[in-house]
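Letters go in sequence order (proteins before strands), and every chain restarts at 1.
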Amino acid sequence: MRLMKFSSFARCLRELESTASRKEMVGILAELLKRSSEEEVGKICYLCLGRLAPVYRSVEFNVAEKTMLKVLSFSFGVREDEVRSRYKKLGDLGSVAELLRGEYRGAGRGGDLEVAEVYNELLRIARDSGAGSQERKVHSLAALLRKLSPLGVRYCARIPLGQLRLGFSDVTLIEALAVMVGGGKEEVKFIRQKFNIRPDVGEIVRVIKLHGLEGLKEVGVEIGTPILPALAERMPTMEKIVEKLGEFAVEPKMDGIRLQIHLNKAVNGQPLVDSLESQRELFNEQGSKKESPGALVCIFSRRLDDVTDMFPDVVAAVQKLPVDSAIMDGEAIAYNPDTEEFLPFQETMKRKRKYNVAQKAAELPLKVFLFDLLFLNGKSLLETAFGERRRLLEKLVLDGNLLMAARHTKVNSARKLKKLFDLYISEGLEGVMCKRLDSPYQAGARNFNWVKYKRSAEGVGLPDTVDGLVMGYYAGRGQRAKFGVGAFLAGVFNPQKDRFETIAKVGTGLTDDQWREFSRRVGPLEVKAKPAEYCVAKELECDAWLRPGLVVEIDADEVTCSPVHTAARGLNIVRTGAENGAGLSLRFPRLVRFRDKLPEEATTVEEIMEMYRMQQT
DNA sequence: CGTGTCTGCCCC
DNA sequence: ATTCTGC
DNA sequence: GCAGAATGGGCAGACACG
């Protein structure tokens, strides 16, 4: 079979991009996969998904928007402001690149590259690092783009940005795999199950090409290969949760970092480290080999990043567990051993680091609340009912200090649920997780086996919504480009200083109609420069400024200290954990509605300060 | 050696 | 993370 | 109801530059 040309690949992507029906996309993708040979099909899968490797290999480009602007400018001899202004208008660097390539009259075309050649070059560029690497990346990417057709450039330029905007992702690609081998619903289900425990489409398609679906049967849960985490859905009321779930258990929802912990002790049986090490060598990674005596521990984040080296205290505690092998799911959160209080999310985040790990571990001790057991002593528990998995988890003999089992209470009424919810809220926690006791561990799925119910759902997250002044807005990307806006900057009023201070950028909560309405309402308010009474950090500079005129109602989960937002900055009131000069901002801001209010009737900095204080208790 | 800018399928 | 939209 | 694509605040890391 001949190797596929990148131009031909690009034409296929173009077809996919202009197709809305998922069924049709599956057909096109199945054809594409069928046409590609086994050596290149894995690479084609990764490229389709805007990547070079499966997520848990984390090949980082360190090239995104800003650098790609430089690449396009350099590649096609166009001034950077020109590229930037076209980007603002089109909202997509691929389209800009395609246009520039079409207009480019310099020498270029170096023949028609194969997909694999483009892939290899992108991988080489991604791996370049160290002094001077940014410049080399710009030059190499520019040279690569000049060798491609305009359509090829369109997609190649989007790959380092990590999004091809084709309207499909992993799941659709899996369906295409099933169709490729002439399968139906059953086969989709089968392949998806395998993908959930080996989240590497490239690998799965290679196995299928070589050995068919039969070959996939060999793929099982493996210590050292992350399982896609199960995710929770939300529901609006507790009554609906009880109605939907029947008999379930309630656990507290902690505001920390999700961890999937793998443990393998070479006690009896074969340790499964061989394949792990060989895969690492394949990707030429250095230094991540775990030299722990007698026990291999791997920790993965929610997005399957290997974060083992960031949590040596967790590794040490897990190594002591009296089991041969296990995979556990849990939440890590920093706490203060003196007050026994859990710390805010921002503090826990400081534990996610590469340097000064031991020092921060001492400053910010963790609790890890384990809430699920996916694998135990060589056997997968994914199909085991949650009630039974929980029973096995409780038998694990945790140290009770760093490793704890999450509190877990069986519930069958809204009354009991409410009681637990109130209890956990009073402890300063985020809310509750409700889990069906009879459900398997649904790796990779967000469904109603797990339902989260947060403080904010009660309208208790923020004491009140915020009425913010719209100070300016930002050009939209992708599908927001057509509205001319993708987000806006909101501020609150400081009557003492007679000025507006920023509290959040808002980019969600508006329907398409509301985005259009936004454009209409904002048109007459546009001014050339930032009004003098706006206090805005440099990094929040808007694409268009507005004079005071439009006020909107904003909801959020929380008021937090902010290093960039200026709201209530300098109000000399003690803020726990805040640096001097910190302002306040909103966590997870979203628009509720447009309001007919005067700018001076916007929420004031004192009111925001009061909301912040109320939260602390 | 600091400081500033950009990046991350980052974490949430 | 939240939210909206097309299928 | 699912899959996908818009978007948020805030943190540490990687480089570039002076």
Would you kindly compare A/K70 and A/E60 by the position of their nearest DNA chain B nucleotide and give the one closer to the 5′ end? A/K70

Does A/M254 or A/K538 map to a spot on DNA chain B nearer the 5' end, using the closest nucleotide for each? A/K538

Using the [atom1] atom in both, what is the distance from [N] to [M], to the nearest Å?
| N | M | atom1 | result |
| --- | --- | --- | --- |
| B/dC9 | B/dT5 | P | 23 Å |
| B/dT7 | D/dT7 | P | 15 Å |
| B/dC12 | D/dC2 | C1' | 23 Å |
| C/dA1 | B/dG8 | C1' | 15 Å |

Over how many whole Å does the gap from [X] atom [atom1] to [N] atom [atom2] extend?
| X | N | atom1 | atom2 | value |
| --- | --- | --- | --- | --- |
| A/L164 | D/dA5 | CG | C1' | 13 Å |
| A/L462 | C/dA1 | CG | P | 18 Å |
| A/D92 | D/dA5 | CG | C1' | 13 Å |
| A/L231 | D/dC2 | CG | P | 12 Å |
| A/L90 | D/dA6 | CG | P | 14 Å |
| A/E175 | D/dC2 | CD | C1' | 10 Å |
| A/I174 | D/dC2 | CD1 | C1' | 15 Å |
| A/E558 | C/dA1 | CD | P | 13 Å |

Parallel under 30°, tilted from 30 to 60°, perpendicular over 60°: which one fits the rings of [X] and [Y]?
| X | Y | answer |
| --- | --- | --- |
| A/H262 | A/F300 | perpendicular |
| A/F74 | A/H139 | parallel |
| A/Y335 | A/F342 | tilted |

So what does [X] hit on the nucleic acid, given a heavy-atom distance under 4.0 Å: a base, only sugar-phosphate, or nothing?
| X | result |
| --- | --- |
| A/R234 | base |
| A/K253 | sugar-phosphate |
| A/L166 | sugar-phosphate |
| A/E65 | sugar-phosphate |
| A/T348 | nothing |
| A/R192 | sugar-phosphate |
| A/V55 | base |
| A/D305 | sugar-phosphate |

Just checking, any donor-acceptor pair under 3.5 angstrom between side chains of [X] and [Y]?
| X | Y | answer |
| --- | --- | --- |
| A/Y155 | A/E17 | yes |
| A/Y46 | A/D200 | yes |
| A/N447 | A/E233 | no |
| A/Y87 | A/E65 | yes |
| A/R258 | A/S301 | no |

Contact boundaries of DNA chain B with chain A (under 4.0 Å, heavy atoms), 5' to 3'? B/dT5 to B/dC12

Mark up nucleotides 13-18 of chain D, 5' to 3', with B wherever a protein heavy atom is under 4.0 angstrom from a base atom, S wherever such an atom reaches only the sugar-phosphate, and - elsewhere. SSSS--

Looking at [X] and [Y], does any basic side-chain N land under 4.0 Å from a carboxylate oxygen?
| X | Y | value |
| --- | --- | --- |
| A/D306 | A/R57 | no |
| A/R590 | A/D557 | yes |
| A/E363 | A/K360 | yes |
| A/K137 | A/D128 | no |

Within the structure, does a side-chain N or O atom of A/K360 lie under 4.0 Å from either OP1 or OP2 of D/dA12? no

Convert the base pairs of DNA chain D into dot-bracket notation, remembering that pairs crossing earlier ones are written with [ ] and that bases paired across to another strand are shown as |; include only Watson-Crick or G-U pairs under 3.5 Å. ||||||||||||||||||

Tell me every residue that passes side chain to side chain donor-acceptor pair (under 3.5 Å) with A/R587, counting only those two or more places apart in sequence or in another chain. A/D255, A/E558

Distances for protein N or O near nucleotides 5-7 of chain C N or O, under 3.5 Å:
residue: C/dT5; atom: OP1; partner: A/D512; partner atom: N; Å: 2.9

Is there any protein nitrogen or oxygen under 3.5 Å from a nitrogen or oxygen in nucleotides 7-10 of chain D, and what are the pairs?
residue: D/dT7; atom: OP1; partner: A/R477; partner atom: N; Å: 3.0
residue: D/dT7; atom: O4'; partner: A/G507; partner atom: O; Å: 3.4
residue: D/dG8; atom: OP1; partner: A/K505; partner atom: NZ; Å: 3.1
residue: D/dG8; atom: O3'; partner: A/K505; partner atom: O; Å: 3.1
residue: D/dG9; atom: OP1; partner: A/K505; partner atom: N; Å: 3.0
residue: D/dG9; atom: OP1; partner: A/H565; partner atom: NE2; Å: 2.8
residue: D/dG9; atom: O3'; partner: A/S585; partner atom: OG; Å: 2.8
residue: D/dG10; atom: OP1; partner: A/T560; partner atom: OG1; Å: 3.4
residue: D/dG10; atom: OP1; partner: A/C561; partner atom: O; Å: 2.6
residue: D/dG10; atom: OP1; partner: A/S585; partner atom: OG; Å: 2.6
residue: D/dG10; atom: OP2; partner: A/S562; partner atom: OG; Å: 2.6

Enter syn or anti for the glycosidic conformation of D/dC11, syn applying to angles within 90° of 0. anti

Report the C-alpha separation of A/S73 and A/R84 in whole Å, then their side-chain angles, then the decisive distance to 0.1 Å, and conclude whether the side chain to side chain donor-acceptor pair (under 3.5 Å) test is met. CA-CA 9 Å; A/S73 162; A/R84 194 176 299 115; over 6 Å; no

Exceeds 12 heavy-atom contacts within 6.0 angstrom, atom [atom1] of [X]:
| X | atom1 | value |
| --- | --- | --- |
| A/K482 | NZ | yes |
| A/E186 | CD | no |
| A/E135 | CD | no |

A/E427 side-chain N/O to A/Y424 backbone N/O, donor-acceptor pair under 3.5 Å: no

